Amino acid sequence: SRQLVELMGGSISAASEPGKGSTFAFEAPLLLDDSDQAVHQERAARSSSLAGVRVLIVDDNDSALQILSHQLSHFSFRVETASSAAKALELVAANDKTDPFRVILMDFVMPGMNGLDASIIIRREMELNHYPKIILVTAASRMLEDEPNQRMEVLESVLPKPLNSSTLLDAVMEALEMGP
């Protein structure tokens, strides 16, 4: 680690306290090249226009809810969570007239009702004033390979887990037709 940090023009340090643990830190001058910086500035400008957009995250895993909620809150989205597809259907219906969700991040594999079935209900069976864009999030994308196209067409996209912040932001921006 020391050799790598020094090759990058930086320094590394360590501090240790018996019974408490150790802390390792390094500093290195890292620069973005001009093309990376332009892309970053463009993405930041577009993402600032998403501030306040209402997003519903649906997942039966509390850790996944917390992680996705934290990632989206970082981009200034207004985030609400549901731990089941049934709860998501309730929230979508209850908020449609007053403060509708513009995007739903829907986990695919959940007990009771899966995310694709819930998405079909939202897009085809519910009578809403505002239909949210739906992004299916899954660690089981192979299970979707046999799904007929007419079932999948209710989705804006399918994202594989685990997600990073950049992929997540790009997917939401695309769903809202703002480009990646």
Side-chain angles (χ1 to χ4, degrees), residues 39-40 42-44 46-180:
V39 168
H40 179 71
E42 182 182 334
R43 179 180 281 156
R46 282 186 281 151
S47 68
S48 69
S49 66
L50 297 172
V53 168
R54 193 138 189 249
V55 177
L56 176 62
I57 303 168
V58 185
D59 201 308
D60 61 312
N61 181 302
D62 286 336
S63 295
L65 284 176
Q66 289 176 359
I67 290 167
L68 290 174
S69 182
H70 176 75
Q71 288 176 325
L72 290 175
S73 295
H74 175 76
F75 293 115
S76 300
F77 288 101
R78 289 186 305 132
V79 177
E80 190 157 342
T81 62
S83 59
S84 70
K87 182 65 177 173
L89 297 177
E90 281 178 34
L91 288 170
V92 169
N95 290 279
D96 180 51
K97 289 184 174 79
T98 57
D99 193 12
F101 297 102
R102 292 197 45 210
V103 177
I104 298 175
L105 292 169
M106 181 82 71
D107 185 37
F108 175 47
V109 179
M110 292 184 283
M113 180 188 314
N114 73 44
L116 182 56
D117 291 338
S119 299
I120 289 169
I121 290 169
I122 291 168
R123 294 301 274 286
R124 294 190 180 150
E125 297 177 22
M126 295 177 79
E127 292 187 26
L128 302 172
N129 293 318
H130 305 280
Y131 287 90
K133 306 293 185 174
I134 303 173
I135 300 168
L136 196 68
V137 181
T138 183
S141 54
R142 284 209 167 125
M143 291 174 63
L144 292 168
E145 291 174 359
D146 295 330
E147 287 291 339
N149 284 343
Q150 65 268 22
R151 283 176 51 84
M152 296 295 289
E153 67 190 15
V154 300
L155 306 171
E156 268 53 59
S157 61
V158 176
L159 290 179
K161 286 182 179 180
L163 298 175
N164 65 46
S165 294
S166 179
T167 304
L168 186 57
L169 178 60
D170 286 349
V172 171
M173 288 172 55
E174 279 185 35
L176 294 171
E177 298 175 358
M178 299 176 72

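Since we're looking at a predicted model, the values are computed, not measured. Side-chain atoms are counted along with the backbone in the values below, which use heavy atoms only and exclude waters and symmetry mates. Residue numbers start at 1 and run along the sequence shown.
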Q: With rounding to the nearest 0.5 Å, note down the distance linking CD in Glu153 to OG in Ser119.
A: 12.5 Å

Q: Does the side chain of Val58 reach to within under 4.5 Å of the side chain of Asp107, using non-hydrogen atoms?
A: no

Q: Could you give the distance from NE2 (His70) to CG (Leu68), rounded to the nearest 0.5 Å?
A: 11.0 Å

Q: Let me confirm one number: the OG1-CG distance from Thr138 to Leu116, rounded to the nearest 0.5 Å.
A: 10.0 Å

Q: Do Pro111 and Asp60 come close enough that some side-chain heavy atom pair is under 4.5 Å?
A: yes

Q: Are Leu169 and Phe77 close enough, and set up right, to give a side chain to side chain contact (heavy atoms under 4.5 Å, CB included), and what steps lead you there?
A: CA-CA 10 Å; Leu169 178 60; Phe77 288 101; 4.3 Å; yes

Q: State, with a plain yes or no, whether a side-chain heavy atom of Met126 is found less than 4.5 Å away from one of Asp96.
A: no

Q: Answer whether the closest heavy-atom distance between the side chains of Leu163 and Leu105 falls below 4.5 Å.
A: no

Q: Does some side-chain heavy atom of Val103 sit less than 4.5 Å from a side-chain heavy atom of Leu176?
A: yes

Q: Under the side chain to side chain contact (heavy atoms under 4.5 Å, CB included) criterion, do Met106 and Leu155 qualify, and how do the steps go?
A: CA-CA 10 Å; Met106 181 82 71; Leu155 306 171; over 6 Å; no

Q: Is Lys133 paired with Glu174 through a side-chain N to carboxylate O contact shorter than 4.0 Å?
A: no

Q: Which heavy atom of Leu65 sits nearest to which heavy atom of Ala82, and what is that distance?
A: CD2-O, 3.8 Å

Q: Show every side chain to side chain donor-acceptor pair (under 3.5 Å) that has at least one partner inside residues 82-94, sequence neighbours left out.
A: none

Q: Mind checking the CD-CG spacing from Glu80 to Leu72? Nearest 0.5 Å is all I need.
A: 13.5 Å

Q: Pro100 and Arg54: which non-hydrogen atoms are nearest, and at how many Å?
A: O-CB, 3.7 Å

Q: For the residue pair Leu91 and Phe101, what are the closest heavy atoms and their distance?
A: O-CE1, 3.7 Å

Q: Check Asp59 against Lys161 and note the closest heavy-atom contact, atom names and distance.
A: OD2-NZ, 2.8 Å

Q: Rounded to the nearest 0.5 Å, what separation is found between the CD1 atom of Ile122 and the CG atom of Leu128?
A: 8.0 Å

Q: Could you state the interatomic distance from CZ (Arg78) to OG (Ser73), rounded to the nearest 0.5 Å?
A: 11.5 Å

Q: Does NE2 belonging to His130 count more than 12 external heavy atoms closer than 6.0 Å?
A: yes

Q: Give every residue pair that meets the salt bridge (charged side-chain N to carboxylate O under 4.0 Å, His left out) criterion with at least one member in residues 111-122, sequence neighbours excluded.
A: Asp117-Arg151

